[in-house]
Each structure stands twice: as structure tokens, then as C-alpha cells.
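Notes follow once the structure below has been shown.
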Amino acid sequence: MKNQLRLGLLILSIGLLMTGCKFSYTKSAEKTTNLSDNSSFLTAKKSLRYIQENKTDSLKGLLNSDVLKMVKPEQLDWLMREGKIVLDNYENPNDTSVLKSQQTNYSVGRKQLIEMFSFPYQSKVYKDSVKYFHITIADNEIYKLFLNDYPPGMRIIEPKHSEPHKNKINLQTDNLKWFRIWYDGGVFDNKRYKNENGFYAVSGDKEKFEEIGINDKFQKLFILINTAKFDSLDFKYLREDEVGDPEWIYLRMEFDNEEYKNLGEFEISCFIKEEQGKKEIMSDYIILKHTDKTRYLISKNENQEIVKVLTDIAHYDYGDYYEKNP
């Protein structure tokens, strides 16, 4: 568990931008137009190709030499392993979807352009999931390269203590700030929701949550989770790939009370029904996450009431609240 903890808590960030630099201006992130002649952009794309082809030494050759000295082997291993999963299983973004920003650095009488590229990869399986490769380049050398769930400019606050699992969960609808319900009926559902067949999303703030009328269902769910016995604790960044086409529910929530406001989103997911003959890797569990890398596994067999409430939430009629193009 200690080794899992050390690996699970790694923040994948190769290098830091050069210290002591003063920037005269910063250009905000924007979608790219024509970057076919941009050497930094081509270097960024080359680094992703090396990750997908598992060419660690080739990737090292793109890193700034000082940065390379700072990289821990386990960080690079993490990047090559988890990065390849994304590159193999997520949709490759068009060049025009890549977000670019830049900074100009004046240091020791020298002007230097620093360019940052964020590549959004949309999951082929989880239509609600996007992963970002963020790559910072100067003089055709990579100074920073990391992978996460967040678009550029979003500040990520992670717990500072060494083991971010909480001993006790205390979820309350009164503290709910934002929610999103994602449902995929898999092979079992071809019903039309707004303009999509078989899957839907509903999201909004607390006011919308109360308008929909699902407060009681969520509060019952929270009470059951607050008192549930966790089957195990786990450290995991990316979800497992689906084996078949199951019925599945995925809840995302933010809370504004002092205890949870800096933990990021809470996620609760559960396979409701598996495609016949195709057992999902995590089908025996209800999964709860409260940080980017940690999760609780709750046995479905021992918590059938939680499964029932999640199923009720999944099958609830949300009327006009279904999203277009979720």
C-alpha cells in the first residue's frame, strides 16, 4: 500500500518553467488556427507520438537537459503508461481544437517566446470524460509536460496531507453546490433523451437541483454512503476500459461546505446492468472518488439499497432538463 500511495500521489509534471523569469505579457489560451509551420507545435505532437509508441528515450531527447535531470523515473513511467492509455483509447483532437497560450520572457538581455499547448482527448467510451496533455515549450525544448482532467487555467487544489482518503464521509444535499448526472443505458436502452438515444446528462447548480425535485433521492443516497462500510481503498487515476456495453450511471458533485470545498469533485459511479457474457472489471463495486487519484470501493452485494437508489436516479424522468448534445 505504501508503494501504491507514493505512485498514486505523484503529480505528473516534468520540470518547471525557468525560475527568475519576468514576462512582459501573457496571451490567454485560445484555439489554434494554422500551426503547420509552428516548430513548437510540431515538437509537442512529436512528444505525444513518442508516448504512444512507448519510445521513452526519444521522449527524453525532447526535454530540456536541466529538466531531464529533475525527472524521477517513476514520473516518466507513469506518463508513458497512463499517457498511452489515453492516446490509444481517446479521440485524437483536430489541430484546431488544441488550445495555445504564450508568454514572452526577457532575461539577461534575451527575449524568449514560451508556448503552451493543451491537447483535449475525448474518451471513446465515457462520453463525459476529457483528458488534457499540457506541454510547455521554449526553443524547441520541452520544459513541462503533464496529463490531467482539467482545461488550461483551472486551478487544482489537492489535499495537503499524505493520505487523502477520509476516514468518514459526510455528504449532505444542503451543501451541494453543483451536480451532474450522466447515464448510459448501453445495449438495454434505446430511449430518446432530448436529441440522443440511449444516454443523457443533466447538470446545474443547487437551484436547478431543487427545481428537478430529486433532493430526497440524493439525500437518501448520501445517508447510505455516509454509513456504508468501504470494501477497500484504492489509488487510481484513469477508469478501466469497459468490456461490453453496460448500463451505467456516473454522478459528479461539488460541495461548498468547509470540509469539502477544496477536495474537488466527488464522483459516484456504478454499473447497473452488464451486457450478457461481458463482465466489467469493477462491476462488483460502487465507486466513490473525492480527489483526482483516490477512490473508495463499496461492495454492491452488501449495499443493494445504494444500488437501488442509484438505479432510481438513473431511471428518473427529468423532462425538459435533459441536455442537448451531452
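Owing to the predicted nature of the structure, the values given are computational and were not obtained by experimental measurement. The basis for the numbers below is simple: all heavy atoms, side chains too, and nothing from hydrogens, waters or symmetry mates.
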Distance, nearest 0.5 Å, that separates [atom1] of [X] from [atom2] of [Y]:
| X | Y | atom1 | atom2 | value |
| --- | --- | --- | --- | --- |
| Leu68 | Asn64 | CG | CG | 8.5 Å |
| Thr227 | Asn170 | OG1 | CG | 11.0 Å |
| Lys279 | Asp284 | NZ | CG | 3.5 Å |
| Phe218 | Ile225 | CZ | CD1 | 9.5 Å |
| Glu280 | Cys270 | CD | SG | 11.5 Å |
| Ile306 | Thr311 | CD1 | OG1 | 11.5 Å |

Do [X] and [Y] have side chains that approach each other closer than 4.5 Å (heavy atoms only, starting at C-beta)?
| X | Y | result |
| --- | --- | --- |
| Ile114 | Ile137 | no |
| Trp78 | Glu74 | no |
| Leu171 | Tyr260 | yes |
| Val309 | Ile313 | yes |
| Phe119 | Lys131 | no |
| Met253 | Leu176 | yes |
| Leu221 | Asp312 | no |
| Leu59 | Met80 | yes |

Side-chain H-bond candidate by donor/acceptor type, [X] with [Y], under 3.5 Å:
| X | Y | value |
| --- | --- | --- |
| Gln52 | Asn54 | no |
| Tyr143 | Asp139 | no |
| Asn195 | Asn325 | yes |
| Tyr321 | Glu211 | yes |

Mind running side chain to side chain donor-acceptor pair (under 3.5 Å) on Glu115 and Gln103 for me, showing each step along the way? CA-CA 7 Å; Glu115 297 176 284; Gln103 296 174 320; over 6 Å; no
Counting the benzene-type ring for Trp, do Phe133 and Tyr121 have ring centres under 6.0 Å apart? yes
Give a yes or no on whether the ring-centroid distance for Phe199 and Trp182 is below 6.0 angstrom. yes
What verdict does the side chain to side chain donor-acceptor pair (under 3.5 Å) test give for Gln75 and Asp77, after you've listed the backbone C-alpha separation in whole Å, the side-chain angles of each residue and the deciding distance to 0.1 Å? CA-CA 5 Å; Gln75 288 179 304; Asp77 289 345; over 6 Å; no
Using the rule ring pair (Phe, Tyr, Trp, His ring centres under 6.0 Å), only one of Tyr318, Tyr316, Tyr250 pairs with Tyr200; which is it?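 The residue from Tyr318, Tyr316, Tyr250 that satisfies ring pair (Phe, Tyr, Trp, His ring centres under 6.0 Å) with Tyr200 turns out to be Tyr318.
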May I have the step-by-step check of salt bridge (Lys or Arg N to Asp or Glu O under 4.0 Å) for Glu323 and Arg180, ending in yes or no? CA-CA 11 Å; Glu323 296 179 3; Arg180 182 172 177 82; 3.0 Å; yes
Fit a plane to each ring of [X] and [Y], take the angle between them on a 0 to 90° scale, and name the class: parallel (under 30°), tilted (30 to 60°) or perpendicular (over 60°).
| X | Y | answer |
| --- | --- | --- |
| His290 | Tyr296 | tilted |
| Phe209 | Phe179 | perpendicular |
| Phe255 | Phe266 | perpendicular |

With salt bridge (Lys or Arg N to Asp or Glu O under 4.0 Å) as the criterion, how do Arg252 and Glu267 come out once you've worked through the C-alpha distance, each side chain's angles and the decisive distance to 0.1 Å? CA-CA 5 Å; Arg252 295 165 54 193; Glu267 301 177 5; 5.3 Å; no
Worked verdict on Asp320 versus Lys194 for salt bridge (Lys or Arg N to Asp or Glu O under 4.0 Å): CA-CA 8 Å; Asp320 293 334; Lys194 210 76 168 186; 5.3 Å; no
Go through the steps for Tyr183 and Glu247 under the test side chain to side chain donor-acceptor pair (under 3.5 Å), then give the verdict. CA-CA 8 Å; Tyr183 169 78; Glu247 183 181 12; 2.6 Å; yes
Test log, rule salt bridge (Lys or Arg N to Asp or Glu O under 4.0 Å), inputs Glu53 and Lys55: CA-CA 6 Å; Glu53 295 173 354; Lys55 295 181 178 179; 3.1 Å; yes
Going hydrophobic residue to hydrophobic residue with side-chain gaps under 4.5 angstrom, can you get from Trp178 over to Ile268? no
Tell me whether the guanidinium CZ or amine NZ of Lys273 lies under 6.0 angstrom from the six-membered ring centre of Phe188 and within 45° of its axis.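 Because its charged atom sits under 6.0 Å from the ring centre and within 45° of the axis, Lys273 does stack over Phe188.
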Keeping Ser97 on the side-chain end and Pro93 on the backbone end, is there a donor-acceptor pair under 3.5 Å?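 Not at all, since once roles are kept as given, no pair shorter than 3.5 Å links the two residues.
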